[in-house]
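The structure appears below as structure tokens.
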Amino acid sequence: MTRVAPSPTGFMHIGGIYAALLCERVAHQSGGIFYLRIEDTDQKRKVEGAEEVIINSLGRYGIHADEGVDQNGKDYGPYQPYTQSQRKEIYQAYAKKLVEEGLAYPCFCSQEDLDIMRKIQEKQSLRPGYYGKYAKCRKLTDDEILANLKAGKPYVLRFKSNGDYNKRMIIKDLLKGDISMPENDLDVVLIKGDGLPMYHFAHAIDDHLMGTTHVIRGDEWLSSVPLHIQLFVALGWKAPKYGHCAPLQKLDNGNRRKLSKRHDPEANIVFFWEHGYPEKALIEYLFNLLNASFEDWKRTNPDKDAFDFPMNFSKLSNTAGALFDFQKLNSISKEVVAKMSAEDVFSAVLKWAETYQPNFADRLRDNREYVISILDIERNIGKKSRKDLLKWEDLPNDISYFFDDLFTTTREEKKTLIPNISEDLIRTISQEFSRIYNPADDKDAWFNHIKEIAESHGFAGEMKAYRENPEAFKGNVSDVANVLRVLVTGRDKTPDLYMIMKVMGTERVKKRLQDF
RNA sequence: GACCCUAUCAUCUAGUGGUUAGGAUACAGCCCUCUCAAGGCUGGUACACGGGUUCAAAUCCCGUUAGGGUCGCCA
């Protein structure tokens, strides 16, 4: 039984997907339950519609919660509600219990009081925080508390820690092993001025009530584990097992740092939607970061779904935090796209374009069969399949020359793409080929025509012959093919020209060959 | 400042006392080739540093250094 517990800030961090994927696998691979809880106790950061962002993001990557909140904001599962702001009474009931047991107390310190206290502590280079003799309100008598309450002074509820900072405790982390840490002696805030709980308190209560057995979360929480265990003890409950993993990082001026939503556009999962990265590619990349053995498994099981991968939780890559590597993602993405059928690529691109490039979406819909035949060029021919498309946003430019209204290469541009061959010769070659071109020819016949034309104009028909004696020729067959390529596509680098001509159709090909 | 985590090629990593330190990505070269991509082959000053323990250390211990994280009425 484990969970993912994001905050609805309107922003889904890629690290959140990474963590969710790990939690989902921990739960489901062991036959457990995986649920979603919305942690919205910070009303200041809450953004309208943010739950939807979270739920859509998870769903998009195939991470499904057995319990939680659905797209319409409706709870499902036995421990409703799954949104913390709706559980206010629950937290307050337990808070009240702790006060009665003398384990919590109201604190009337203002923000200014705390700031002053912190400055004093810093000046004496003491550990900052509300503890020991600095925990002023801890010593308030019942009468003083009553008087403050009566005067309407705002207050928070603090935990009365019995920890000793000089004593140490061993915490067992599923991912990092045994760690020795000082006990917590901070009287942390349990309930804030607005009546909602702090993360720590809500964590203890919800994870107990919802039956969480394993808490897998970012290692920014590692330092709070002593407090969390203390909280579970105070409430009379058994603490869950913890596992802390390092966050995704990026290189910044030679230094690593956490992927930050303020500075790094790729921290936002929407970045990958906008650019049209296939969902499968991102998931496979994240699996790869979680368990390096994933790619070996994938190589021996190329057709299996990533979620079938038997993850080894004791071998999680839990070191300093992986650097997000676009080159690796791109390479995985190329493999993923190469394995898709032309129809599947078409559907995925269309779905992407509908949101991010409506004009291109119209073009796709109007030319469905044509585009699929374009996408089918050098596809599914085994090991040598084309692997150059990695994200949908690249496609509009990749295939633009297939459309007459987008084929705008000027005569001058064509000339610069065909260096060393005179205009007359370009015209001669293209006209000769145009006359002879027959779409019914197979590839060998097609290429033989080009060779013949090449040889008749003093170019080498065979690359070998050319290489052995380059001086004897004007050039070689690839120069002649290049003439045709540039005239037909406006580019000097394209997929297989034979297939391109076939897909384009005789009429279009001949028209372009003659247009010089 | 205190506490915690981490340290193997450029990057992700395999490695749990004896390995020519392995793989993937990236990069470079060659081959193939109508260009590109793909594919095939080949390549490169990687165990942070310094001490131990041991016949033997990337692996265990101690320091140093570096990076990361935490110390909120944020999560």
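Residue numbers begin at 1 in each chain, while the letters A, B, ... track the order of the sequences.
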Sugar-phosphate, base or nothing in reach of Ser125(A), heavy atoms under 4.0 Å: nothing

Phosphate-side-chain proximity, Arg168(A) and C4(B), N/O vs OP1/OP2 below 4.0 Å: yes

Touch class at under 4.0 angstrom, heavy-atom based, for Arg217(A) against every strand present: nothing

Side-chain donor or acceptor of Ser7(A) paired with backbone N/O of Glu39(A) under 3.5 Å: yes

Residue Ala322(A), side-chain atoms from C-beta onward, closest of C71(B), C12(B), C3(B): C12(B)

Atom-to-atom span, NZ of Lys328(A) to C1' of C9(B) - whole angstrom: 14 Å

Donor-acceptor side-chain pairing of Tyr91(A) and Asp206(A) below 3.5 angstrom: yes

Sugar-phosphate only, base, or nothing, as touched by Lys298(A) at under 4.0 Å among non-hydrogen atoms: nothing

Any strand: nucleotide that pairs with G39(B) via Watson-Crick or wobble, under 3.5 Å: C31(B)

Expected output: side-chain His244(A) to main-chain Leu174(A) donor-acceptor under 3.5 Å: no

Touch class at under 4.0 angstrom, heavy-atom based, for Gln327(A) against every strand present: sugar-phosphate

Heavy-atom donor-acceptor pair, Asp496(A) side-chain to C36(B) base, under 3.5 Å: no

Pairing partner of A48(B) (Watson-Crick or G-U wobble, both distances under 3.5 Å): U64(B)

Sugar-phosphate only, base, or nothing, as touched by Lys387(A) at under 4.0 Å among non-hydrogen atoms: sugar-phosphate

Whole-Å P distance, U20(B) and C61(B): 25 Å

Touch class at under 4.0 angstrom, heavy-atom based, for Pro495(A) against every strand present: base

Residue met sooner reading RNA chain B from 5', once Ala481(A) and Arg299(A) are mapped to nucleotides: Arg299(A)

Mate of A2(B) where both pairing distances stay under 3.5 Å, Watson-Crick or G-U: U70(B)

For A57(B), the Watson-Crick or wobble partner whose two distances fall under 3.5 Å: none

Donor/acceptor link under 3.5 angstrom from Arg127(A) side chain onto base of C71(B): no

Partner nucleotide, any strand, of A10(B) [Watson-Crick/G-U, under 3.5 Å]: U25(B)

Short side-chain N/O contact from Arg118(A) to OP1 or OP2 of G72(B), under 4.0 Å: yes

N/O (side chain, Lys167(A)) to phosphate O (OP1/OP2, C3(B)) under 4.0 Å: no

Sugar-phosphate only, base, or nothing, as touched by Leu222(A) at under 4.0 Å among non-hydrogen atoms: sugar-phosphate

Nearest-nucleotide comparison on RNA chain B, the residue closer to the 5′ end among Asp388(A) and Tyr199(A): Asp388(A)

Flag for Arg379(A)-Ser385(A): side-chain donor and acceptor within less than 3.5 Å: no

Sugar-phosphate only, base, or nothing, as touched by Val156(A) at under 4.0 Å among non-hydrogen atoms: base

Base of C36(B) paired with side chain of Arg386(A) (donor-acceptor, under 3.5 Å): yes

Sugar-phosphate only, base, or nothing, as touched by Ser293(A) at under 4.0 Å among non-hydrogen atoms: nothing

Distance below 4.0 Å between Lys192(A) side-chain N/O and C74(B) OP1 or OP2: yes

Residue pair Asn184(A) / Tyr131(A), side-chain donor-acceptor N/O under 3.5 Å: no

Touch class at under 4.0 angstrom, heavy-atom based, for Asp42(A) against every strand present: sugar-phosphate

Side chains of Ser333(A) and Asn330(A), donor plus acceptor under 3.5 Å: no

Separation of the P atoms in G22(B) and G43(B), to the nearest angstrom: 11 Å

Asp479(A) side chain to Gly475(A) backbone, donor-acceptor under 3.5 Å: no

Span that lies between the P atom of G1(B) and that of U54(B), in whole angstrom: 37 Å

Presence of Ser331(A) side-chain N/O under 4.0 Å of A24(B) phosphate oxygens OP1/OP2: no

Presence of Lys383(A) side-chain N/O under 4.0 Å of G40(B) phosphate oxygens OP1/OP2: yes

Selection from U25(B), U33(B), C12(B) that lies nearest to any side-chain heavy atom of Arg467(A): U33(B)

Phosphate OP1/OP2 of A75(B): any Lys44(A) side-chain N/O under 4.0 Å: no

Nearest-angstrom distance from the residue atom CD1 of Ile332(A) to P of U11(B): 17 Å

Touch class at under 4.0 angstrom, heavy-atom based, for Thr41(A) against every strand present: sugar-phosphate

Whole-Å distance separating the CG atom of Asn312(A) from the P atom of U13(B): 15 Å

